[in-house]
Amino acid sequence: LVSASAVGYYGDRGDETLTEDSRPGRGILAEVAAAWEEATRPAADAGIRVARLRIGLVVSRRGGALPRLLPLFRMGLGGPFGSGRQHWSWIALEDLVGILHQAILDPAIEGPINAVAPEPVTANEFAALLGEALERPAILHVPEMAIRMLTGEMGQSMLLSSARVLPSRLEALRFPFLHRTLRDAFLFELGRIEET
């Protein structure tokens with residue numbers, strides 16, 4: 001059984017480095033993710049191998065946040081959310097598919113697995129790298145107050161929380177990431193480099 005959860009499991013943890021062994025956080029996303037994972041316990045108790053993937057921000061031009069951000073960044077109106085100091089753990093879509101495939105087939109993949117790239121970035125770095133990939137400035141901050149007013153608690157948790165999550169279990173299993181850096185992932189998604 002492969003369960004798809006989120007790095008929101010860890011809550012807002014500032015600069016703390018988080019691995020699969022880290023305790024759950026607080027807040028709505030952390031509570032939902034922990035409850036979602038707990039719901040897989042009967043399967044594990046019945047002897048079924050359960051992989052609990054904690055998925056980061058998925059980078060893909062085909063869906064999610066990136067297609068919504070591209071028009072703003074292409075016009076030079078992009079920039080970091082809030083302070084920009086919060087850590088965002090991300091994963092390229094192709095790597096996520098590879099992790100899901102390996103989780104289905106590999107008996108070594110069991111329990112919590114951080115489905116994130118090895119190099120998390122701050123919101124400032126995310127914006128700068130996207131601007132660089134598009135050859136546009138990325139300096140306009142979206143104020144925290146605006147995010148709080150427009151997105152509610154869920155949006156705040158997603159955009160303003162900080163979780164520096166590392167894929168310790170995947171690294172130990174030598175998972176072959178296609179995109180270890182966000183720069184490479186952005187350039188690939190924007191058609192600027194070939195996949196290696």
Side-chain angles (χ1 to χ4, degrees), residues 1-44 50-60 63-66 68-69 79-93 95-96 99-100 103 109-130 141-172 175 177 180 182 185:
L1 173 62
V2 178
S3 169
S5 184
V7 294
Y9 172 91
Y10 300 107
D12 186 4
R13 304 288 275 275
D15 294 330
E16 181 182 353
T17 299
L18 303 164
T19 69
E20 289 86 353
D21 295 326
S22 300
R23 63 178 170 71
R26 295 183 182 148
I28 188 168
L29 288 181
E31 292 166 12
V32 169
W36 190 261
E37 289 188 13
E38 184 59 30
T40 67
R41 186 160 309 283
V50 178
R52 297 177 182 98
L53 301 187
R54 297 173 181 161
I55 302 170
L57 173 68
V58 179
V59 174
S60 171
L66 190 57
R68 294 178 185 155
L69 294 174
F81 293 91
S83 72
R85 293 186 301 271
Q86 65 273 32
H87 292 275
W88 286 355
S89 298
W90 61 276
I91 184 76
L93 178 61
D95 283 325
L96 178 58
I99 293 165
L100 287 164
I109 296 188
E110 188 170 8
I113 302 287
N114 290 334
V116 295
E119 297 186 23
V121 297
T122 64
N124 280 332
E125 292 167 328
F126 185 97
L129 288 168
L130 183 53
H141 279 256
V142 179
E144 285 188 29
M145 173 99 41
I147 294 168
R148 292 182 196 285
M149 288 173 42
L150 296 173
T151 64
E153 186 177 356
M154 185 72 77
Q156 290 174 50
S157 294
M158 292 174 64
L159 298 173
L160 300 178
S161 291
S162 181
R164 188 172 184 266
V165 181
L166 299 180
S168 297
R169 298 274 317 279
L170 291 174
E171 292 277 59
F175 179 78
F177 287 95
R180 294 181 71 87
L182 187 57

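If you check the side chains of Arg52 and Tyr9, you find no donor sitting under 3.5 Å from an acceptor.
Under the 3.5 Å distance criterion, the side-chain polar atoms of Ser162 are matched with a main-chain donor or acceptor of Gly14. When atom types are taken as modelled, the side chain of Gln86 and the backbone of Gly84 share a donor-acceptor pair closer than 3.5 angstrom. Looking at Arg169, its side chain does come within 3.5 Å of a backbone N or O of Glu110 through a donor-acceptor pair. Looking at Ser3, its side chain never comes within 3.5 Å of a backbone N or O of Val50 through a donor-acceptor pair.
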Review point. Would Phe175 and Ile113 count as a side chain to side chain contact (heavy atoms under 4.5 Å, CB included) if you check the C-alpha gap in whole Å, the side-chain angles of each, and the deciding distance to 0.1 Å?
Key: CA-CA 12 Å; Phe175 179 78; Ile113 302 287; over 6 Å; no

Exercise for review: Using the side chain to side chain contact (heavy atoms under 4.5 Å, CB included) rule, take Ile99 and Ile91 through it: C-alpha gap first, then chi angles, then the decisive distance, then the call.
Suggested key: CA-CA 10 Å; Ile99 293 165; Ile91 184 76; 3.9 Å; yes

Exercise for review: Start with the C-alpha distance between Asn114 and Leu18, add both sets of side-chain angles, then the distance that settles side chain to side chain contact (heavy atoms under 4.5 Å, CB included), and finish with yes or no.
Suggested key: CA-CA 9 Å; Asn114 290 334; Leu18 303 164; 5.8 Å; no

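Residue Leu129 holds its CG atom at 9.5 Å from CH2 of Trp90, rounded to the nearest 0.5 Å. Put simply, CG on Leu182 and OG on Ser89 are 11.0 Å apart, with the number rounded to the nearest 0.5 Å. Distance check, rounded to the nearest 0.5 Å: CG of Leu53 to CD1 of Ile109 gives 8.0 Å. Atom CG of Leu100 and atom CD1 of Ile55 lie 6.0 Å apart (nearest 0.5 Å). A distance of 9.5 Å separates CD in Glu125 from CD in Glu119, rounded to the nearest 0.5 Å. Atom-to-atom distance recorded for Asn124:CG and His141:NE2 is 5.0 Å, nearest 0.5 angstrom.
Ring geometry for Trp88 versus Phe81: interplanar angle of 30 to 60°, hence tilted.
Remark: Arg13 pairs with Glu16 by the salt bridge (charged side-chain N to carboxylate O under 4.0 Å, His left out) rule, at least two apart or across chains. Applying the salt bridge (charged side-chain N to carboxylate O under 4.0 Å, His left out) rule to Arg180 yields the partners Glu171; only residues at least two apart in sequence or on another chain are considered.
Between Ser60 and Leu93 the shortest heavy-atom distance is OG-CD2, 3.5 Å. Contact between Ala4 and Trp36 at its shortest, heavy atoms only, is O-NE1, 3.2 Å. Between Leu166 and Val116 the shortest heavy-atom distance is C-CG2, 3.9 Å. In this structure, Gly8 and Ala33 approach most closely via the heavy-atom pair C-CB, 4.5 Å. Of all non-hydrogen atoms in Gly79 and Ala127, the two that sit nearest each other are C-CB, 3.6 Å. When all heavy atoms of Val59 and Ala185 are compared, the closest pair comes out as CG1-CB, 4.4 Å.
Arg54 and Glu20 are not joined by a salt bridge, as no carboxylate oxygen comes within less than 4.0 angstrom of a charged side-chain nitrogen.
Using a 4.5 Å heavy-atom threshold, the side chains of Leu159 and Val142 count as separate.
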